[in-house]
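This report concerns only the one structure given below.
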There are 2 protein chains.
Amino acid sequence: MPELEKAEIDRLFHALGDPTRRAILDLLSRGPISVTRLAEPLAVTLTAVGQHLQILEECELVHTEKVGRVRTCRIEPAGFTRLEKWIKEHRSHWELSLDRLGEFLAEEDENANG
Amino acid sequence: MPELEKAEIDRLFHALGDPTRRAILDLLSRGPISVTRLAEPLAVTLTAVGQHLQILEECELVHTEKVGRVRTCRIEPAGFTRLEKWIKEHRSHWELSLDRLGEFLAEEDENANG
DNA sequence: GAAATACTGAAGTATCTGCTTGACAATCCC
DNA sequence: GGGATTGTCAAGCAGATACTTCAGTATTTC
């Protein structure tokens, strides 16, 4: 995997690792909403929400746009797509690894009984 | 989502958010291996690897078993499956949210032209 | 233009993370 | 038994993280 892509995956997992940020994504899945309204049900300040939004934007999980004094936030699919791609690529590796586990156990068995 | 499950997802994303831990998973995808051999290509001490392994075990991404003085590590599919499940569940939400974005934009358009 | 609204930025803080070192325990090999 | 190998535990530390407050800016509303 290219170094750059690795860093993106890094940020992506890091972003999704925080419960408040996942809560923000859940709220946004109900539709576009302003920062203030986003902050209301979350037990943190407006500033904190702004900081989370910046992180979510950097890994393309959220898109925001400011019109007048209101910043409207919505889900951005790009980050999510990237995550799915990572998983798809790794699932095959992991499945291979389970095959190798089979070989490993068979070998152990052979050594034990041989 | 149940509170307990949420905490599991929390640990899962947190675990995958660290590049060293993802490197460990990549090494393990080549097949089962001991802690010492796992630590060799990683630029950290044996102790650090042990700490990472504990985290990876807690979210069921890795299984380890100690026989004699050697702890053998391998991929455990459970955590990976849980991650795929989370994504599958959330993809539909996110797709709905993109539909709502369409509605949102249509509404805006209506307000602008009405 | 004044007051209210919706954010933004800087600075500070408590806690968490990843990592190290050094001492220790268990096991294997001779 | 003695020495090497393999891993574990406890403590400590530098840096990152999530969060706060407070002051400021831009925009809307009256």
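Order of the sequence lines sets the chain letters (A, B, ...), proteins ahead of strands, with each chain counted from 1.
Under 4.0 angstrom from either OP1 or OP2 of D:dT29 there lies no side-chain N or O belonging to A:Arg69. Taking side-chain N and O atoms only, A:Lys66 has no distance below 4.0 Å to OP1 or OP2 of D:dT27. Taking 4.0 angstrom as the limit, B:Arg37 places none of its side-chain polar atoms (N or O) nearer than this to OP1 or OP2 of D:dT6. For A:Thr72 and C:dA6, the shortest distance from a side-chain N or O to OP1 or OP2 is not below 4.0 Å. Look at A:Thr47 and you won't find any side-chain N or O under 4.0 angstrom from OP1 or OP2 of D:dT21.
A straight line from CG of B:Leu46 to C1' of C:dC19 spans 13 Å, rounded to a whole angstrom. Whole-Å rounding puts the A:Leu56 CG to D:dT17 C1' distance at 14 Å. The NE2 atom of B:His52 sits 12 Å away from the P atom of C:dT17 (whole-angstrom rounding). Put simply, CD on B:Gln54 is 14 Å from P on C:dC19, counting in whole angstrom units. At whole-Å resolution of the value, CD1 in A:Ile55 and P in D:dA16 are 14 Å apart. Distance CG (B:Leu53) to C1' (D:dT6): 13 Å, rounded to an integer number of Å. C:dT17 atom C1' lies 16 Å from atom CZ of B:Arg11, rounded to whole Å. Distance CD (A:Glu57) to P (C:dT8): 9 Å, rounded to an integer number of Å.
A donor-acceptor pair under 3.5 Å is formed between the side chain of B:Arg21 and the backbone N or O of B:His14.
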Open item on the list: Run B:Ile24 and B:His52 through side-chain contact (heavy atoms from CB on, under 4.5 Å) and show every step you take.
Closed with: CA-CA 9 Å; B:Ile24 288 176; B:His52 283 306; 3.6 Å; yes
- [ ] Step by step, work out the side-chain contact (heavy atoms from CB on, under 4.5 Å) result for B:His90 and B:Trp86.
- [x] CA-CA 6 Å; B:His90 281 68; B:Trp86 183 90; 3.1 Å; yes
Task: From CA spacing to verdict: side-chain contact (heavy atoms from CB on, under 4.5 Å), B:Ile55, B:Asp18 - done: CA-CA 11 Å; B:Ile55 289 168; B:Asp18 182 83; over 6 Å; no
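By the 6.0 Å contact criterion, CD on A:Gln54 is open, its count of non-hydrogen atoms from other residues, nucleotides or ligands being 12 or less.
Ranked by how close their nearest DNA chain D nucleotide is to the 5' end, A:Gly68 and B:Gln51 are led by B:Gln51.
A:Thr45 comes within 4.0 angstrom of a nucleotide base, judged by non-hydrogen atoms across all strands.
Counting only heavy atoms from C-beta on, B:His14 has its side chain closest to C:dG18 among C:dG18, C:dA6, C:dT8.
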